[in-house]
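As structure tokens, the structure follows; a few thoughts come after it.
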Number of protein chains: 2
Amino acid sequence: MTNVSSLEVRIEKKKLERAAYVLKCVAHPVRISIIDLLEQRTRLTVSELQEVLKIEQSLLSHHLTNMRDKGVVNTQREGKNVYYFLTDVSITNIIDCINGCKVF
Amino acid sequence: MTNVSSLEVRIEKKKLERAAYVLKCVAHPVRISIIDLLEQRTRLTVSELQEVLKIEQSLLSHHLTNMRDKGVVNTQREGKNVYYFLTDVSITNIIDCINGCKVF
DNA sequence: TAAATATATGAATACATGGTCATATATTTA
DNA sequence: TAAATATATGACCATGTATTCATATATTTA
């Protein structure tokens, strides 16, 4: 058995927990799609997302609330519409990971 | 409302489902840690992982089985030991995403 | 101000997941 | 071959998650 005494996880505990928490949010087909769409259009209303994704309004709303709770997206209301946008566009790097790793 | 007719998800459905499935597996503090450790050491036995991670043997085994089922890691037995290693090292790009995006 | 439009919320349910415990299997060593 | 070591498995339970349905809220328009 190799010596392992110098080996340690290079990510601190709090960061690990936060990362897992946010990744869990990303780990859903609809929510990955939303990230992809918001990379293309900067901001989209719920109706626009619904038109593209073709899922029930309330289900989409639940997904969006989930993503906002975790800081992945943010909102701005304009009249009847609520625009959703990525809090940090660099989260789209996850999609590059998906496309660049055979495991996915 | 902006025209959305040219907008679509740029990832095909099967790929989205597979990506979500694998991401769900990555989205856990212990499993992210395992990926980080296997980037540093190429391969590690269950005992070595246990020594670093300090979690119960059977819990670790469940995590590893989970990761293997999803194709994230693979194994090779050598005597009493089973070595685990990353199926595709480029999955560690996920950790770079975590470190490079404020949301995480 | 009533109706229409856009979005959010909450309850309920079914299913998945994480962790623990007891036990099983595989391999080596005494 | 019995004991020791390394790892895996299965049952169980508590908690979390996804989806649906009904309904609520906010804003605009007729």
Side-chain angles (χ1 to χ4, degrees), chain A residues 1-4 13 16-35 37-38 41 43-70 72-85, chain B residues 1-4 13 16-35 37-38 41 43-70 72-85:
Chain A
M1 173 132 118
T2 317
N3 181 350
V4 110
K13 196 179 173 191
L16 274 174
E17 275 160 13
R18 172 76 192 165
Y21 181 71
V22 175
L23 274 181
K24 223 171 283 176
C25 172
V26 176
H28 188 287
V30 169
R31 295 190 297 256
I32 297 171
S33 300
I34 291 169
I35 291 172
L37 294 171
L38 290 177
R41 285 297 174 96
R43 62 175 210 163
L44 289 164
T45 66
V46 179
S47 306
E48 289 171 333
L49 285 165
Q50 201 184 343
E51 194 181 332
V52 178
L53 294 171
K54 292 174 176 61
I55 62 174
E56 212 208 327
Q57 183 273 318
S58 96
L59 178 55
L60 176 55
S61 189
H62 279 303
H63 281 302
L64 290 169
T65 301
N66 181 349
M67 294 172 86
R68 190 171 59 177
D69 287 350
K70 277 142 191 170
V72 174
V73 295
N74 229 309
T75 55
Q76 48 198 181
R77 179 176 275 275
E78 268 177 35
K80 284 185 290 189
N81 300 304
V82 174
Y83 283 93
Y84 279 80
F85 57 95
Chain B
M1 172 133 119
T2 317
N3 181 350
V4 112
K13 197 180 172 189
L16 274 174
E17 274 160 13
R18 172 76 193 164
Y21 181 69
V22 175
L23 273 182
K24 223 172 285 178
C25 172
V26 177
H28 189 286
V30 168
R31 297 190 296 255
I32 297 172
S33 299
I34 292 170
I35 292 172
L37 294 171
L38 289 176
R41 286 295 175 97
R43 64 176 208 163
L44 288 164
T45 66
V46 180
S47 305
E48 289 172 332
L49 284 166
Q50 202 184 341
E51 193 181 333
V52 178
L53 295 171
K54 294 175 175 58
I55 61 173
E56 213 208 327
Q57 182 274 319
S58 96
L59 178 54
L60 176 55
S61 189
H62 279 304
H63 281 301
L64 290 169
T65 301
N66 181 349
M67 293 173 85
R68 190 171 59 176
D69 287 350
K70 277 144 191 171
V72 175
V73 295
N74 229 309
T75 55
Q76 48 200 180
R77 178 176 276 275
E78 268 176 38
K80 285 183 292 188
N81 300 305
V82 174
Y83 283 92
Y84 278 81
F85 56 95

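Chain A is the first sequence line, chain B the second, and so forth, proteins listed ahead of strands; every chain is numbered from 1. Note that these values count all heavy atoms, side chains included, but never hydrogens, waters or copies made by symmetry. Note that the structure is predicted; figures quoted are calculated from it, not measured.
- Each of dA8(C), dA6(D), dA18(D) was ranked by its minimum atom distance to the side chain of S47(B); first place goes to dA6(D).
- No side-chain heavy atom of E56(A) sits less than 4.5 Å from a side-chain heavy atom of L60(A).
- Residue Y84(A) is classed as a sugar-phosphate contact, given heavy-atom separations below 4.0 Å to backbone atoms only.
- Separating the CG atom of L16(A) from the C1' atom of dG18(C) is a distance of 16 Å, rounded to the nearest angstrom.
- Using a 4.0 Å heavy-atom cutoff across all strands shown, R68(A) reaches no nucleic acid atom at all.
- Distance, R77(B) CZ to dT25(C) P: 14 Å, rounded to whole Å.
- Remark: N81(A) is in phosphate contact with dT7(C), judged by side-chain N or O atoms under 4.0 Å from OP1 or OP2.
- No side-chain heavy atom of H28(A) sits under 4.5 Å from any side-chain heavy atom of L23(B).
- With hydrogens and angles ignored, no donor-acceptor pair under 3.5 angstrom links the side chain of H62(A) to the base of dT17(D).
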> What would the secondary structure line of DNA chain C be in dot-bracket form, counting Watson-Crick and G-U wobble pairs under 3.5 Å, with [ ] for pairs that cross earlier ones and | for pairs with another strand?
Replying inline: ||||||||||||||||||||||||||||||
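- Proximity of a side-chain donor or acceptor of R68(B) to a complementary backbone N or O of N74(B) within less than 3.5 Å is not detected.
- For the pair R43(B) (side chain) and Y83(B) (backbone), a donor-acceptor distance under 3.5 Å is absent.
- Going from atom CD of Q76(A) over to atom P of dT27(D) covers 15 Å, rounded to whole Å.
- Each of dC21(C), dA18(D), dT7(C) was ranked by its minimum atom distance to the side chain of V82(A); first place goes to dT7(C).
- Taking atom CG on L59(A) and atom C1' on dG10(C), their separation rounds to 15 Å, with Å as the unit.
- Counting atom types as modelled, Q57(A) pairs no side-chain N or O with a base atom of dA6(C) as donor and acceptor under 3.5 Å.
- For H63(B) and dG19(C), a side-chain-to-base donor-acceptor distance below 3.5 Å is absent, hydrogens and geometry of angles not being considered.
- Looking only at side-chain heavy atoms (C-beta outward), T45(A) and V82(A) stay at 4.5 Å or farther from each other.
- Checked options V73(B), L37(B), V52(B); the residue passing with L44(B) is L37(B) (criterion: side chain to side chain contact (heavy atoms under 4.5 Å, CB included)).
- Considering only side-chain atoms of V46(A), the nucleotide from dA8(C), dT27(D), dT7(D) that sits closest is dA8(C).
- Contact annotation: R31(A) reaches the phosphate of dA18(D) (side-chain N/O to OP1 or OP2, under 4.0 Å).
- Among the nucleotides dA22(D), dT28(D), dA22(C), the one closest to any side-chain atom of K80(A) is dT28(D).
- The distance from atom CD of E78(B) to atom C1' of dA6(D) is 14 Å, rounded to the nearest whole Å.
- A donor-acceptor pair under 3.5 Å is formed between the side chain of R77(B) and the backbone N or O of G79(B).
- As rounded to whole Å, 10 Å separates atom P of dA22(D) from atom CD of E56(A).
- Between the side chain of S61(B) and the main chain of Q57(B), no donor-acceptor pair closer than 3.5 Å is present.
- At whole-Å resolution of the value, OH in Y83(A) and C1' in dA26(D) are 16 Å apart.
- To the nearest angstrom, P of dA6(D) lies 14 Å from CG of L60(B).
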